There are 2 protein chains.
Amino acid sequence: MRALEWRNRKVRFIDQTKLPLEEYFIETDDEVVVAHAIKSLAIRGAPLIGIAAAYGFVLALNKLSENETPKRSSHIEKTHNLFASTRPTAVNLFWALNRMKHIALRALNEPLATFKITVLAEAKAIHAEDEEMCRTIGAWGAEALPNAATILTHCNTGSLATGGAGTAQSVIATLWEQHKLKHVYIDETRPLLQGARLTAWELKNLGIPATLITDNTAAFLMQLGLINAIVVGADRIAANGDTANKVGTYSLAVLALHHAIPMYIAAPTSTIDFEITSGKEIPIEQRSGTEVTSILGKQIAPHGVEVYSPAFDVTPNELISGIITEQGVLRKPYREAIASLKISSSKGRE
Amino acid sequence: MRALEWRNRKVRFIDQTKLPLEEYFIETDDEVVVAHAIKSLAIRGAPLIGIAAAYGFVLALNKLSENETPKRSSHIEKTHNLFASTRPTAVNLFWALNRMKHIALRALNEPLATFKITVLAEAKAIHAEDEEMCRTIGAWGAEALPNAATILTHCNTGSLATGGAGTAQSVIATLWEQHKLKHVYIDETRPLLQGARLTAWELKNLGIPATLITDNTAAFLMQLGLINAIVVGADRIAANGDTANKVGTYSLAVLALHHAIPMYIAAPTSTIDFEITSGKEIPIEQRSGTEVTSILGKQIAPHGVEVYSPAFDVTPNELISGIITEQGVLRKPYREAIASLKISSSKGRE
């Protein structure tokens with residue numbers, strides 16, 4: 001199952017808000033539909049958002065006709081802004097957008113057909129690189145965690161979140177294939193229940209034994225000695241290793257420290273924002289309170305109650321045992337480890 | 001609003017599973033209805049369960065007629081077992097049941113009218129003592145936490161959980177009345193959402209400013225420095241101070257330690273189980289997985305997913321800053337502090 005693909009000059013994706021009860025696919029040649037799907041979380045997961053935005057770029061530029069050559073530049077800018085305004089935290093989004101913009105501007109004066117082929121090739125490259133990245137992250141992670149028979153994970157980091165097997169979930173799947181993994185515990189991940197809805201569905205499809213828990217049960221499992229390691233994804237990593245990920249990740253990191261359980265982040269280097277020196281500079285997206293006060297359309301709290309609903313929290317680097325990237329596992333001190341990546345991973349950045 | 005009361009020889013209670021969207025009251029003279037309501041969480045909160053079971057005892061014994069005098073003893077035993085099988089963790093339940101059984105057995109040979117008056121008087125005494133206990137816990141707690149301008153709480157510990165103003169919530173209400181409190185943060189408390197459904201509703205009715213959060217957001221609030229103190233209730237406290245409370249409490253205690261935030265338990269001494277030496281001996285009730293996989297009747301997880309859903313977790317005494325009881329605030333070492341309570345609070349125990 002591919003969460004998103006390029007098919008017949010269109011973007012085809014599964015509407016993740018309808019999972020696991022309904023497997024509903026949307027096919028569109030309209031970039032506005034893709035942008036809206038990112039905003040509404042029908043398309044989600046930091047790497048997949050980047051891929052979706054890249055193909056969305058292609059859809060937008062495919063609308064250009066022969067006599068509009070001078071309009072290309074403003075059209076590129078407009079498309080960049082459309083997608084940049086969808087989700088503020090995931091840095092892969094901006095990384096992919098910058099790659100697309102860069103390649104499009106470089107091909108600005110090419111014939112229209114060549115121009116369109118060039119931007120499509122770049123989007124496909126971003127997708128293919130992501131798929132390969134998932135495979136490599138899985139391999140590095142499995143090597144770093146040979147004794148992780150039981151893993152706790154949070155949110156969704158699988159094929160629904162990436163162009164391949166996932167980030168943290170690729171580590172899980174690789175350990176399972178290598179017969180090292182026995183069991184996965186899945187945080188349901190309120191408010192949008194990506195763990196209960198998506199990860200539980202994906203692990204079931206993969207045949208990996210898993211147990212669903214409410215987020216507030218994780219500490220008790222650790223106290224009972226049932227968790228060997230925690231592996232989660234990331235939405236943005238600062239140059240010092242501070243990591244923004246789905247709200248609840250920081251909570252797990254503190255609990256992991258208390259219980260001496262290794263806490264790993266699994267993310268491609270495109271998740272790293274080399275421009276910011278610490279997590280304090282990461283913008284935290286605030287979600288609507290209705291995502292907390294109602295669940296799948298059912299009101300659960302009194303009307304008018306005030307809600308605080310950050311989509312992400314920031315885990316300080318000192319609480320992270322390692323960052324599993326496609327280039328290997330980064331270890332403390334993270335500033336140095338990350339700086340050594342800079343050149344190779346910033347290709348395509350402006 | 002009283003969550004439960006004795007009215008016209010019947011027990012009248014609000015069905016807490018229907019809150020906050022519906023205020024639905026049930027009036028019954030059938031103890032089986034009361035026992036079922038405890039089991040299904042229509043009546044909940046450790047102190048209120050004890051009061052409900054006491055009145056349920058009265059309902060059962062009211063069914064005895066003049067010529068059944070020799071049956072009284074077996075009827076008492078049967079009623080005790082009916083309520084003892086409803087919820088295994090809350091010790092107040094057993095404490096109240098033992099008080100009722102004790103008084104009923106003592107009045108075994110009284111004329112029927114006297115027998116019935118005696119057991120009703122005992123149930124009313126349990127209720128009245130609980131109401132007074134709430135008031136006193138609030139006063140002791142407010143004295144112990146003069147600088148707690150912002151409090152985080154979990155689950156529901158208010159008038160819906162007790163015979164009066166609550167336990168932890170009585171501390172909150174008392175601080176508010178004394179103009180010391182500015183804001184309350186409420187954990188929604190999955191799976192049954194007592195925070196979102198009940199505490200948010202009660203604090204709104206009391207006019208206390210409150211913000212609802214998902215359970216996994218608590219750590220982030222602590223990191224941001226927004227929480228001055230955590231105050232929660234208890235379902236059973238061991239003789240060494242280890243405390244069983246709604247799942248997620250242990251998580252908050254570990255997070256509180258990491259952020260140097262005081263963590264208080266507020267509970268009547270009837271919550272203390274003097275017979276057990278540590279939390280390891282507290283039985284942990286396992287709830288049905290469907291409470292996690294579906295919310296208010298809406299399925300959220302794939303069918304057939306395995307679920308681990310303990311109703312409670314156990315917080316080791318060393319993580320607790322103080323236990324606020326109606327006799328004062330207990331401090332470390334808890335074994336000694338609790339032992340000194342034993343005589344006064346065990347009245348009525350067998």
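We name chains A, B, ... by the order of the sequence lines, and we start the count at 1 in each one. As the structure is a computational prediction, the values presented were derived from the model and not from experiment.
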From [X] [atom1] over to [Y] [atom2], what is the distance, rounded to the nearest 0.5 angstrom?
{"X": "Thr214(B)", "Y": "Asn216(A)", "atom1": "OG1", "atom2": "CG", "answer": "10.0 Å"}
{"X": "Ser251(B)", "Y": "Met222(A)", "atom1": "OG", "atom2": "CE", "answer": "7.5 Å"}
{"X": "Arg190(A)", "Y": "Leu193(B)", "atom1": "CZ", "atom2": "CG", "answer": "6.5 Å"}

For [X], is it the side chain, the backbone, both or neither that has a heavy atom under 4.5 Å from a heavy atom of chain A?
{"X": "Pro191(B)", "result": "both"}
{"X": "Ile213(B)", "result": "both"}
{"X": "Leu203(B)", "result": "neither"}

Taking the side chain as every heavy atom from C-beta outward, state whether Val305(A) and Ile186(B) have any pair of such atoms under 4.5 Å apart. no
Would you indicate whether the side-chain heavy atoms of Glu188(A) and Ile300(B) approach each other to under 4.5 Å? yes
Considering only heavy atoms and a distance below 4.5 Å, find which of [options] pairs most often with chain B.
{"options": "Val307(A), Val247(A), Asp313(A)", "answer": "Val247(A)"}
{"options": "Val314(A), Leu257(A), Leu252(A)", "answer": "Val314(A)"}
{"options": "Tyr250(A), Trp201(A), Phe220(A)", "answer": "Tyr250(A)"}
{"options": "Gly248(A), Ser309(A), Pro302(A)", "answer": "Pro302(A)"}

Contact leader toward chain A among [options], where contacts are heavy-atom pairs under 4.5 Å:
{"options": "Gly297(B), Ala200(B), Pro209(B)", "answer": "Ala200(B)"}
{"options": "Gln223(B), Gln299(B), Lys298(B), His259(B)", "answer": "Gln223(B)"}
{"options": "Asp215(B), Leu198(B), Thr211(B), Leu21(B)", "answer": "Thr211(B)"}
{"options": "His258(B), Lys246(B), Lys204(B)", "answer": "His258(B)"}

Answer with side chain, backbone, both or neither: which region of [X] has an atom nearer than 4.5 Å to a non-hydrogen atom of chain B?
{"X": "Ala210(A)", "answer": "backbone"}
{"X": "His303(A)", "answer": "both"}
{"X": "Leu296(A)", "answer": "both"}

Lys182(B) atom NZ, over 12 foreign heavy atoms within 6.0 Å: no
State whether the number of non-hydrogen atoms from other residues, nucleotides or ligands found under 6.0 Å of Tyr24(A) atom OH is greater than 12. no
Could you walk me through whether Leu212(A) and Thr293(B) pass side chain to side chain contact (heavy atoms under 4.5 Å, CB included), step by step? CA-CA 8 Å; Leu212(A) 180 64; Thr293(B) 57; 4.2 Å; yes
